[in-house]
Amino acid sequence: MQVSVIVTAHDRRRYLPHALRSLEMQTLPRDRFEVIVVKNFEDKESDEIIRRNGWKNSFSEEGSYGKLILW
């Protein structure tokens, strides 16, 4: 079983490091899940957690993700 975890953080810089550290502490083996982070800001602490775990980091300054879905 492979699990994909998608973390979205639109203007939620304050909460993202806590959410990512929670994922680091999961008991599911690392080769059984992937993490994709979508955010509209850069954050040194969060970016380091994402980098050291080899997770995917997607950055977009688009004001509304809904517009992207509609097109």
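Being a predicted model, the structure only gives us computed values, none of them experimental.
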Quick one: [atom1] on [X] to [atom2] on [Y], what's the gap to the nearest 0.5 Å?
| X | Y | atom1 | atom2 | value |
| --- | --- | --- | --- | --- |
| K56 | I6 | NZ | CD1 | 10.0 Å |
| L28 | L23 | CG | CG | 11.0 Å |
| L20 | S46 | CG | OG | 5.5 Å |
| H18 | I49 | NE2 | CD1 | 11.0 Å |

Qualifying salt bridge (charged side-chain N to carboxylate O under 4.0 Å, His left out) pairs, either residue in residues 46-55, two or more places apart
E24-R52, K39-D47, E48-R51
Using salt bridge (Lys or Arg N to Asp or Glu O under 4.0 Å) as the criterion, list what pairs up with R14, not counting sequence neighbours.
none
Identify, with sequence neighbours excluded, every residue that meets salt bridge (Lys or Arg N to Asp or Glu O under 4.0 Å) alongside R21.
E45
Would you please name every residue forming a side chain to side chain donor-acceptor pair (under 3.5 Å) with S22, sequence neighbours left out?
none
With sequence neighbours excluded, residues passing side chain to side chain donor-acceptor pair (under 3.5 Å) with R30
N53
Does some side-chain heavy atom of W55 sit less than 4.5 Å from a side-chain heavy atom of V7?
no
Are Y15 and F59 grouped together when hydrophobic residues (ILVMFWY) are joined by side-chain heavy atoms under 4.5 angstrom apart?
no
N/O donor-acceptor pair under 3.5 Å between N40 side chain and D11 backbone
yes
If you count every heavy atom of other residues, nucleotides or ligands that lies below 6.0 Å from R13 atom CZ, does the total exceed 12?
yes
Carefully, step by step, assess F41 and L16 under the rule side-chain contact (heavy atoms from CB on, under 4.5 Å).
CA-CA 11 Å; F41 55 86; L16 185 57; 3.9 Å; yes
